[in-house]
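All of these numbers come straight from a predicted model, not from anything done at the bench.
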Amino acid sequence: MGKSTDKRKYQKKPGDHLAPKAVLQQQHAYTQKKHLILSFLLVFCIPVLLYVRTIKFGFTYFDDDGIILGNLKFLSNPGNILQSFFTDQFVDQESSFYRPLGTISYILDYWLSGGNNPWMYHLSQAILSGLIAGVFYLVLLRFSVPAKLAFAGSLFYYVHPLFVSTVAHLPNRAELLLSLFSLLSLLFLMEYLQRKRNLYLLFHLCAFAFALFSKETAAFLPFLFILYYFIFYFKKSTEGNNFRKSHVLILAGYGTLGILWYWMRSRAIVEWNNTNETFGFLPYLLNLRLIPESLAKFFIPSDIAPIPGFSVFNLITGIAIIVFLTIPFFKNNQHSKKEKLFCILWFFVLMAPSMLYKHPHFDYLDHRFFLPMTGILLFVMFVFPTGWIQGKNIRYSWLFIFVIIGLCVFSFLKSASYSDPITFFNAAIAQNPKSEIAYNNRGFILGQKGYYDKALDDLNKAIELNPEYAEAYNNRGNSYNAKGMADQAIQDYTRAVIINPHYAQAFNNRGLSYDKKGLFNKALSDFSSAAAINPSYAEAFYNSGLTYVHRGDNDSALLYFTKAIEVNPAYVNAYINRGVAYENQGMHDNAIAAYNDALKLQPQNADAYCNRAIAFFNRGSLSESIADFSKAIEIQPGNAQYYLYRGAVFAKKDNKDNACNDYDKASELGSAEAKQHIQIYCR
């Protein structure tokens, strides 16, 4: 084609000179958005990757046994999600902690993983830590913290070793949920006040409600939100006064949600008899040391223990840090004193709930600092020299990278302490040799594993550290009892109930020791005391039934086994022993019905098959008896008694070959009685 012959020049239109600037602005906005998404993903992923190793960990038996392992029946049923709002954290209505969303999250973990799988609980904790880090990054940006500084601060905070326990320790799910929804609620409030869109107000109140039902600390959030409004948003001048009547709706929302939460909590926390734990102003005064202690551990993370204790070093260091922080509060002019005061009040307001509580057996736990300390980090972001992050300052970039890597390595190493119970309590004792609860809990675990002498060493140490430690006496009594030292066990149980007259388990355990010694009246009295303290204590009713069996009073035994079943319809042993009581009375059909109930709950219970086989035998149903003994042998092929009993049924049917084969097998497995049968019947 030839050249165009049109000589007309292109005429610029009005405003065309602005096009390059608009394009640049659009490109800049796109670059900023891309940078924001990338930064958010990095802030999310790094904490998750740091804690992903915990999916190989198990339980520590430091509250997770009571919150998760002791409630598997409840957690395994998704239908209990609604019921979670009407029970306490331990699902027994005996504690003062109301954290229903934590319970619901465990139910979802159980359902998603198809069972009680520790890896799923740990994976959820790691993902939550990443989400919280990402949301906090957005909150910092909303406070006009420079993007690079917000990115660095978020990573610094959420890989910090002080918060390893918050993520690696499963019972701290409530703390993670509280932090996530509290930060989301603040973020949505900031968006609502800025954009005046009611959708953000709805999101703000929903997130606040979720925070409330995560942990009680959220009840203090409205104070923080109101402070934010008046410090960062409200202007007193007539022209700039931006108070709107619709803001009253926010306060109304807080009040409505608070009343609903209080009503539901009052139904869940029915009665609380733990006289050792205390709430109120006195615990607050005793916990004032938490303020310098937490600051010292945040700025100098060298003393991080699974079960920490107050230290003079942290006290002095923390006070020095408080004095040092007053300098940028008064000197730094990047932000007003009111804005910096908001950060400090953030810390104090959110620390207050945990400071009002005092545990009898440890000073504090580090996860209490997880949400409050974000206020201190925000303060640091406000006074941080912006010149250090402006431009391409390579020196400070590398310093930041080294700090983050160092914190990650430290946190990675610290997280190993949460891999299993013995490792956890070994680390707790090594780092805090005065931790009475660590000695007690390790002693309990060693006793459960059959290491009674080692258990006694630990429990003696726990009692030495605290002579009024009722649980340690109870656990030591268990080890004495297992060693056949019933008198020493009874002395320890007695000491436990003197210290804590509401200790139902100690009464129950002493009753077992009395029963073992043949002191049936004392045993029954203790079981009765345990049931009176805790009417839902099915084991106390069950043990009363066993004692009545030992006394030969099958009628009373039946009443107590039935009561145990009423309290706990899934109590398999209660069904089995109710069957034994019926069988002792010659009521074979009733006994068989009881064993049927047990087998519906546990189809692989060999004892239930064996006992039902005996009932069939006594009723004259020999074929059914042989079938049940065969099923019991299939489940437990190493049980000599099952072969011996089945051999007797074969002998009753004049089936000598099968009878002798069973007697031979029982003899091989160590049955002296079987050898006698072989000599008499098989020769």
Where at least one partner belongs to residues 497-514, residue pairs that pass salt bridge (Lys or Arg N to Asp or Glu O under 4.0 Å), sequence neighbours excluded: R510-D526
Atom OH of Y473: over 12 foreign heavy atoms under 6.0 Å: yes
Y571: partners by ring pair (Phe, Tyr, Trp, His ring centres under 6.0 Å), with sequence neighbours left out: Y542
Of all pairs that satisfy salt bridge (Lys or Arg N to Asp or Glu O under 4.0 Å), the ones with a partner from residues 407-421, not counting sequence neighbours: none
Qualifying salt bridge (Lys or Arg N to Asp or Glu O under 4.0 Å) pairs, either residue in residues 107-129, two or more places apart: D109-R173
All side chain to side chain contact (heavy atoms under 4.5 Å, CB included) counterparts of I104, not counting sequence neighbours: I81, S84, F85, L101, L108
Hey, can you pull the donor-acceptor pairs under 3.5 Å for the side chains in residues 162-169, sequence neighbours left out?
from, atom 1, to, atom 2, distance (Å)
H169, NE2, T60, OG1, 3.2
H169, NE2, F62, O, 3.0

Partners meeting side chain to side chain donor-acceptor pair (under 3.5 Å) with N611 (sequence neighbours left out): none
Distance-only polar pair, side chains of Y106 and N71, donor-acceptor under 3.5 Å: no
Under 3.5 Å donor-acceptor, S411 side chain and C408 backbone: no
Selection residues 59-84 - residue pairs positive for salt bridge (Lys or Arg N to Asp or Glu O under 4.0 Å), sequence neighbours left out: none
Pair R368 + E175, salt bridge at N-O below 4.0 Å: no
Y609 side-chain N/O to P603 backbone N/O, donor-acceptor pair under 3.5 Å: yes
Validation row, ring centre F370 to ring centre Y158 under 6.0 Å: yes
K358 bridged to D363 by N-O distance under 4.0 Å: yes
OH/Y364: more than 12 non-hydrogen atoms of other groups inside 6.0 Å: yes
K297/D303 ion pair, N-O < 4.0 Å: no
Counterpart residues, ring pair (Phe, Tyr, Trp, His ring centres under 6.0 Å), relative to F210 (two or more places apart): F181
Qualifying residues under side chain to side chain donor-acceptor pair (under 3.5 Å), relative to N432, sequence neighbours excluded: none
Partner residues of Q602 under the side chain to side chain donor-acceptor pair (under 3.5 Å) criterion, sequence neighbours left out: N605
Flag for S311-N314: side-chain donor and acceptor within less than 3.5 Å: yes
F541 six-ring centre to K563 NZ/CZ under 6.0 Å and within 45° of normal: yes
Side chain to side chain contact (heavy atoms under 4.5 Å, CB included) partners for K517, two or more places apart: A486, D487, I490, L519
Under 3.5 Å: donor-acceptor pair, side chain of Y493, backbone of G477: yes
Test: D88 and R99 ion pair at under 4.0 Å: no
